[in-house]
Structure formats: C-alpha cells, structure tokens
Amino acid sequence: MARRLSLKISVAGVRGIVGESLTPQLVTSYAAAFGTYCGAGPVLIGSDTRPSREMVKHAAIAGLLSVGCTPVDVGIVPVPALQFHVRKTGAFGAICISASHNPIEWNALKFIGPDGIVLRPNQSEELTDLYHQGFYPRVTAAEIAETRLDHTVLSAHREAVIALIDAEHVRRRGFRIVADCTNGAASLAMPEFLRALGCEVIELNTDMDEPFPRNPEPLPENIGGLCTLVRESGADMGIALDADADRLALVNELGEPLGEDCTIALAARHYLKRRKSPIVVNVSTSRIVDDVAAEQGCAVYRTRVGEIHVVKKMIEVGAEIGGEHNGGVILREVNPCRDSFVGMALLLESLAEEGRTLSELRGLLPHYATVKAKVECLPREVAPYLRALQQLFAGEQMDTTDGLTVLWPDRWLQARPSNTEPVLRITAEAPTEHEAEVLVREALDCIKPTL
Amino acid sequence: MRQLKIGPSGIRGVVGDGLTPELLVDFACAFGTWCDGGSIVIGHDSRRSSPMAHSAVLSGLLATGVEVVDLGLSPTPLISFAVRELGAAGGISISGSHNDARWNALKFLGPDGAHLNAVKSEELLDTFHARDFARAPWEKIRKAVPASGIEDRYIECLLAWLDADAIRSRRFRIVVDLCNGACAGVTRRLLDALRCEMVPLNLEATGEFAHPPAPNPANMRQLATLIQPLEVDLGVALNVDGDRAGFVTAGGEPLSEEFTLPLAARARMRRRPGPIVTSLSTSRMVEGVAREAGQQVMRTNVGEGHVMDRGLTEEASIAGEGSGGVAILPNSMTYDALLTLGVILEWLAVNDQSLKSATQELPSYTMRKGEIPCTPDAVHRVLERFRRAYEGRGAQLEDGVRLEWDDAWIHVRASNTEPILRVIAEAEAPERADELYQEAMGFARRTIHLHSD
C-alpha cells in the first residue's frame, strides 16, 4: 500500500492518519517530549471518540510516565472542557487526542499549556525541537508516577459556562433542540448541558461507540440529517458540532443551515451589546462580523487562521471575544479557546432575551455569499500556487497575513494552505453566490495549469 | 552505561535510559506483526514501572491490528494458561521476574503458551530489527478486552492436576511470602480450595518490594523468622510474577532454591515418570531423583526458553532450573510456582512427610554460587579468556565454561539478563566445592581486573 504524505506537525499539533503516519512510536516520543517540556507534574489526557483513541492514549501515557509526569486520564471529553480543566486543577499541561473535524482515519495530539491555551507557535517550536533532539530525561522505576482518573471535567465546565448567562431566562423559553454530536466527544456533554438549560433535547448521533456517521466537519453539506430532523420534529433549532466540540454550526427552525460563519457573528452581536470590547477573528471570517462590530462601535482585528493566533491577538489587544470562520467562538472570561458550549450559551440567551426565532435573528444580520473550494496541494506546491495568484491579481489590494487574500470594497478572495491537511483552501465572499463563484473559478483556473 | 539486554529471552533493562517506552512499543509492534492476526494475551507484574510498560505494549499491539486480551495484574503462568485456553496467537508477560525493582522486561509467549524457542525468538528479533511493522488502518484497530473467568478456569485445572483430596486432608498451615507481587489473588484461591491455612507475608502489590524477588535463602530471611513462632508446616516464597518458588522448613531453615526442582521432580516421578530436563547450572540432586525412578536427566543451556524447548521435544514430565523455576509437564507451559507448590504439597501429604525429611531423602551436595559484576562491554571478552584458559581440559563450552568430575562440577557463564558473570560449583564434599569455587572466582576477578586495565 502506498503511504500518503499524511503527517502534519503544526501549531494545531501532531496530526496523521492511523496506520500510515500516526504510529504509536511517534505518539510515545512526542508525549515524552511534551512531558519533558511540561515538567514532572500532572498532565491531563482526554480524547474524542475515534476508535484509535485507546491505542493513541496508551502510547501517550507510556511516554508521559517515562519522564516522570502523572497522566490524568479524563476520558472522552470536549476539548474546551479539557482546556478549562487544566487551569481549574493547576495541571502542568494537557494532551487532547482528537483530529477535530478531520475524517475518522485521522487522529492527532493537540498540546495544551498550563494556562489552558494550545501551545503558542514559539512554544510549539520548542516542543518540536525537543522531539527532534530525541533526548528525554527519563526517570528511574522508583520515580515513576501512577496514572490517575478524573471524571469531573464535564460538570465543572458546564457549571462555569452556565454561570455566564441568565440561565433562568433561557430555561423559561423551554427550547426544543436537535443536538447532532457526530458520535463525537460531546455526545454526553452537549445533551446534558442543554438539559441543564431547560431544553428538550432530541439526540442525533450521540453513540460514542459507533464511528462518525457523517464527515465530522459541521459544514452545510455534512449535516443534511440534522436539517431533516429539525424540520420533521418541529424543533426550535439544530446544533451540530465537530468531533472534539470546538466548532459549532446552527440550523434554523426551518431546517436551513446558517453556515458556520454565522456562529461567531451571532455570538458577537449578543455579547458586544452587553460589553464593549474589540473582537479578533481570522482572515477567513465573513465580513458580517465587521458589520456587527461597527454597529456596536467596536474594533475588529484579523489574524492568521488557527485558534492560537486569534487567542494571542485577543490577549495582546485586550479583546474579550474572538472567533473563527469555522464556527469557533472564544470568550476569555470562560476559556481562552474555541468553546462550542460558550457559543450555545450566548446564542440561547440571545434568543431568549429577544424573543425571536433563529431565522429572525439571522435576518437581522447582513447577507454575503461564500463559496469554498479545496485543492490537493503538497507543502512544496504552496508557494508556486500563491505566486501565480499574486500575478493574476497584480494591482489589487492584497493581504498576506495567512496565504493570500485579495480585497475589494465589497468582496474578497483567499487562498491559504490548511494547517491540518495537505490542501489549499480557496474561499470567496461576495454580495451574491454567482459573484463569489466567479472569483473562485478564476483562482482555480489560474492554479490548474500549474498542476 | 545503559542497562539493556535484547536477546532470546526477550527484552530486559533498567527502566529509564535503558528500557524506554519507545523500545517497548517497537517490540510490541514486532510481536503483533510476528503473530500476524488473532488475539494476544497480556498481563503485568506489580512493579512501579509495569503500568508504563503495559501502556506502551498495549498501544504497540493495538496499532498492528491484533485483538488484545488484557489480564492486568497477573502472574506469568496465568498469562501462559490464558494463551492456550483462549486459543490466542501469543502472549506477553510484562515482568522483571526475579530482577530487582529497577528492572523490567517483556517475556514473549507463543501460541502454545511457552516462551519462544531459539528459532521463533530469532524471527521476532528480525522483525524488530527490520522495523517493517504491520500498521492497521483505523477500522481494524481494536480495543483491549478483559478475559472473564480465566482465573476460575486456571484454579479448576490446577486442582484437577493435583491430588487435591490428599492435600486437603493434611490441612497444611503455610506462610506465603508474595514479595508484593502479582500472585496474591490466585494463591489465596488455590490454597483455600486445598484447605490450606495461608498466612500471607508482603501481600500487597504496592509497587515496592520488601526484599529482592529471587526466592533464595538470603531473600527468605524475613519469611524464615516467622515459621517457628507461627508453628506452621512450611514457608514458601514466590517471586513477583509467580514463576519461581523457594521453601522454608517447619524448623525455620530456608532451603536453597536448588531444592525446588528435585522435590517437585520426586513427586512427579510418582505421578508421571519421564525424563527430567534441566540446565547446565542446576544441582546434581535431580540425577539422584531420576536414578531412583529409572529415568534420565537432560541438560541444556541456562534459560527457560532452552529448558522448556528441550522439555517439550523430549516429552519430559518435568523441566526446571536451580533458580526455583519449575514447569510440570505437560500441564504448565512456563515455570509455574503455584503448580510446583501444589505438587510438593501433594508429595508431603501422600507420604505423610515433613518438608525437612523430604529434603533429607535427596542426595547431599554442597553448592557455592556467586556472581561478579562486569560491565556489559567486558562480559564476553572476559568469558573468552576463560574459555581459552580451560581449553583442552575437557570443558563444555556451549554456555560459558563447564567442567565436570565424578564428584563435582563447576560452571562459569555470563548472565542472560544482567551484566554479571555467574560462578557455580557443586561437590559431594564441602571443601571440594569451596576449592573449585575459590579458584574460579579468583581467576574471574583477575581476568576482569586485567581487562579493565
């Protein structure tokens, strides 16, 4: 069998395909490197529901133990709950075993520092250096710690998020919600969370022993089942998460997916009304956020794609709220990371306060059409592709914060390499679908001859 | 110096810079690849480092796509039993066995439940060195499953292999030194079923050992002091993973671990006469037992892999070594301290004897055992000087150097598991044993000294 070039070591962690590149040897060594990096103390280990989780988890435990850390196995948990727990328990760090939105054959290690934040790029580099040097100060048998278990992660996180909002108000509305957990890490946590907010929950894909029933990325094309069930059940809305529950996508009461871009816009609209703050989003995020922020007189900062870039900027500019185009909502007062539960809490409170339906709420935001495409692209092909596009659009306003973004007054086109897969993502946003499509088509036509 | 030994008896090393989780993962991947499908039974002893090794092994095996039956904390003979009982493709016992707490090791068992023989060990080592491991795609990665009821079945079989009624009728009272190992549960259940009263010593698997685990007189001192005050019939010491046993008489006298094999062999000759297989380093007492029963003794190089392999091909009725490790054949496929204990109790019950009088019926020899630390890089060069010095004196050279006379023998060899030279001399007359031993030790010291210059 030909092995694909599937290993990806980036700010998002170490990611690979099980049986090809994500081997137990790699995981053990990386965990030993991370344990060395953190120091000999408690390190949390949580995972999503991928069938390879046991294999990966035990490799990580062995690596951590060998350098004197105390692994704390917290089981299957949403990644934001894990990050929350790091700070709450004073752990030295955490490893999240999840390839997030990637298909089921992938798995990954995401490294979280003692502040509950994924390792910053410079920290990530230090860790990668440790790994490449391959020398880890192992402890002797007498100093080896014991693995501990901790089952309090979900309840601690749930209470902290609910404390953020007027829960009574939400409970009085008695929302009826279809929860699509893609059989992922939130299969237990999300229904429990919504029920704690007085919602009637219709569970969809909440069997943690089954493989993902859909592509876990909560894109409109992947959540058809949820849309149908919302329509058929007469629910107030549908909520779809990815496998590790850091991304949130919404379906309105008519069974129409709002698109992941709307999540941060709706959350920001509600939050900024209450508290004025700059907002930080990545360069791929819809302009709806600019409109929402302008309405409240708040500044918008843009960063490279990737949670850590957004979080870093938030700290730098003192922004309370941030997010990404992919359904990630970050609220620093709870958790310096994308937290779908925070997103849900803000949205439900917003609906309860305003007494509107989700489609009405969406109607209050401006409309842009977004068209996306993916081109397979090896790391060495990225630069030539981007150069070709730069030549094509020479003379236009360009931004190179992440890949290449070409900006016009009412539209933008972007090409950037994925942080997690060997692909180039092409995105255009314009007033109409047709106009956005034209831009994407133009970009693809420019790249293809180079293929 | 990294203390690590990769060889036919598996992989063994000092945890830390020697035995790393990466090496353990690699070996588990090699074994999963070598087994080529089916299920693999794993278990571990009570060392502090064993859960680390267990996680590494589990991960490596799962990555190759095999099913893993995880027995958790369990003795090696139980793992071996489970391999056969479940029709598994192999087994791994994670245990440093008789080594002290700094060490750990993997013992690989084949589908027959026995340690891999020389040929299979080489195949495994080749797989390890080639590093072309089977890698299962996600949908073929399985989970570890527990083996329910396997311990019940093991106890049932042990009882069926013994004359349980005879043992029950004696109502033995026994102090058992478990060395904080993996055998507490099984031992308790077996002795209860045999209506023996068990007084446990160092019962709990705390991760620390009350004394070094090899069941020899030096390590049985604590056990020996309890025997007379408690007025019990005997004391028995088990090593951490339950493959070796040593005994203390009712008078509180700790017996050399060399007695375990001949005592069990004598009992075995009564129930199932047949050849006895042992190693070149084991006491001649078994020759007396074999002669009495009109049977033969066959000797192999030191190590369970060699002894068991020969035991199986010769259809022996017992195989074991002077370390206190004994396999009752064809019932056990590894050294099994519990079945060995049972067989010796059976002999004492049937013959209405005390342990002391049973040992007095064995031929009397004096043995001197010693070891000299020798850095891993020097061991084999020192041994080579030894071979040359004794060449032409009729020495056997296949496992170190062994010289034999009518009344005595001496064996100098490198340990399979540690960077030491072992010297063993045995003779009818104590002075002769001392003389041979001193001569060899002197030579060994001088050679090591020469080498280190």
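Below, chains carry the letters A, B, ... as their sequence lines are ordered, and counting in each starts from 1.
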Problem - Minimal non-hydrogen separation, B:Gly60 against A:Pro24, with atom names - result: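 That closest heavy-atom pairing would be CA-CG, 4.1 Å.
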Hey, are [Y] and [X] close enough side-chain-wise for a donor-acceptor pair under 3.5 Å?
X: B:Ser50; Y: B:Asp45; value: yes
X: B:Asn202; Y: B:Gln222; value: yes
X: A:Thr147; Y: A:Asp73; value: no
X: A:Asn183; Y: A:Asn205; value: no
X: B:Ser49; Y: B:Asn104; value: yes
X: A:His58; Y: B:Ser59; value: no
X: A:Ser52; Y: A:Asn107; value: yes
X: B:His44; Y: B:Asp241; value: no
X: B:His211; Y: B:Asp177; value: yes

Which atoms of [X] come close to chain B, meaning under 4.5 Å heavy atom to heavy atom: side chain ones, backbone ones, both, or neither?
X: A:Pro211; value: side chain
X: A:Ala32; value: side chain
X: A:Ala59; value: both

Practice task
Please flag which part of B:Ala136 lies under 4.5 Å from any non-hydrogen atom of chain A: side chain, backbone, both or neither.
Solution key: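 Contact with chain A: backbone only.
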Exercise for the section: Report yes if some heavy atom in the side chain of A:Leu130 is under 4.5 Å from a heavy atom in the side chain of A:Thr128; otherwise report no. Expected result: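 Side chain of A:Leu130 against side chain of A:Thr128, heavy atoms only: no contact under 4.5 Å found.
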Problem - Contact winner vs chain A - B:Val14, B:Leu19, B:Asp17, heavy-atom pairs under 4.5 Å - result: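 Heavy-atom pairs under 4.5 Å are most numerous for B:Asp17.
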Problem - Residue among B:Lys140, B:Arg142, B:Lys143 with most heavy-atom pairs under 4.5 Å to chain A - result: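 Looking at each option in turn, the highest pair count goes to B:Lys143.
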Handout entry: Max heavy-atom pair count under 4.5 Å with chain B, selected residue of A:Lys57, A:Met55, A:Glu54, A:Arg53
Key =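 Heavy-atom pair counts peak at A:Met55.
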Problem - NZ/NE/NH1/NH2 to OD/OE distance under 4.0 Å, B:Glu208 and B:Arg48 - result: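 Here B:Glu208 pairs with B:Arg48 in a salt bridge, since their nearest N and O are under 4.0 Å apart.
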Handout entry: Heavy-atom contacts under 4.5 Å, residues 94-102 of chain B to chain A
Key =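 From residues 94-102 of chain B, the residues near chain A are B:Ala101, B:Arg102.
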Problem - Part of residues 21-34 of chain B lying next to chain A, heavy-atom separation under 4.5 Å - result: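 Answer by number: B:Pro21, B:Glu22, B:Val25, B:Asp26, B:Cys29.
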Handout entry: Output field: ring centroids B:Phe128/B:Phe133 closer than 6.0 Å
Key =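 When the ring centroids of B:Phe128 and B:Phe133 are compared, they turn out to be at least 6.0 Å apart.
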